[in-house]
Amino acid sequence: MKSITVEVSEWPGVSVGSHRYGGEEFTVSGREIGHVHGKQQADIPFPKRLRDVLLAENKTSKHHIYPESSWVTHYFDTEADIDETIELLLISYIYHVRAQQHREDVDPAIAGVDVETELTRLNPSEALRAAFDGRALV
């Protein structure tokens, strides 16, 4: 969990705090991008269309308590699992930053984040890119 917290806390505009059910919560301008519990589990919110693609691509699992919600649960035991967790948190971060950059009162800490570059760096599948952009694949 520590390596996840160290990585995510370095992203522009991210705040780390205690989560109400234990663990650490990551927020951007007051919006939660995910949280980690103990040493093995992360819960991450996505729009349903993104969640559905991530599930279809076997990148994560439905939320462990609320499987029909747009949240996912990702378990991490190995270094590869931790890297996958960080990638999922980054997808959530990019989505939330992009949404907030359209606001007049955008937090200066995230105003300069190049969302397109960050998303391209992840090399998303065509389906994930389409879901991220809010369009359906034909």
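Since the structure is predicted, the reported quantities are computational estimates derived from the model, not experimental observations.
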Non-hydrogen side-chain atoms of Glu87 and Leu89 separated by less than 4.5 Å: no

Sub-4.5 Å side-chain heavy-atom contact between Leu122 and Ile91: yes

Atom pair CZ (Phe26) and OG (Ser15), whose distance is rounded to the nearest 0.5 Å: 11.0 Å

Side-chain heavy-atom pair Ile33, Thr27 within 4.5 angstrom cut-off: no

Pair Glu118 + Arg121: basic N to acidic O under 4.0 Å: yes

Any side-chain heavy-atom pair of Leu90 and Ile94 under 4.5 Å: yes

Set of residues satisfying ring-ring contact (aromatic ring centres under 6.0 Å, His included) with respect to His64, sequence neighbours excluded: none

Validation row: Glu24, His35 side chains within 4.5 angstrom (heavy atoms): no

Tyr95 side chain reached by Phe132 side chain, heavy atoms, under 4.5 Å: yes

Any donor-acceptor N/O pair, Glu57 side chain to Asp52 backbone, under 3.5 Å: no

Heavy-atom side-chain proximity of Ile110 to Ser29 below 4.5 angstrom: yes

Partners passing side chain to side chain contact (heavy atoms under 4.5 Å, CB included) against Ser69 (at least two apart in sequence or in another chain): His63, Tyr66, Trp71

Ion pair check, Asp133 and Arg49, cut-off under 4.0 Å: no

Ser18 side chain to Glu25 side chain, donor-acceptor N/O pair below 3.5 angstrom: no

Ile4 vs Lys2, side chain to side chain contact (heavy atoms under 4.5 Å, CB included): CA-CA, chis, key distance, verdict: CA-CA 5 Å; Ile4 293 170; Lys2 184 175 173 103; over 6 Å; no

Gln101 side, atom CD; Asp114 side, atom CG - distance, nearest 0.5 Å: 8.5 Å

Listed partners of Tyr93 passing ring-ring contact (aromatic ring centres under 6.0 Å, His included), at least two apart: Trp11

Same apolar cluster: Leu50 and Leu55, side chain cutoff 4.5 Å: no

Residues His74, Glu84; criterion side chain to side chain contact (heavy atoms under 4.5 Å, CB included); working and verdict: CA-CA 8 Å; His74 192 74; Glu84 291 168 355; 3.3 Å; yes

Considering all heavy atoms, the nearest Ser92-Ile44 contact: CB-CG2, 3.7 Å

NZ/NE/NH1/NH2 to OD/OE distance under 4.0 Å, Glu116 and Arg129: yes

Check: Thr78 main-chain N/O paired with Asp81 side-chain donor or acceptor under 3.5 Å: yes

Verdict with reasoning, Val72 to Leu54, per side chain to side chain contact (heavy atoms under 4.5 Å, CB included): CA-CA 9 Å; Val72 302; Leu54 292 166; 5.5 Å; no

Side chain to side chain contact (heavy atoms under 4.5 Å, CB included) between Thr73 and Lys62, intermediate numbers included: CA-CA 6 Å; Thr73 296; Lys62 291 182 176 185; over 6 Å; no

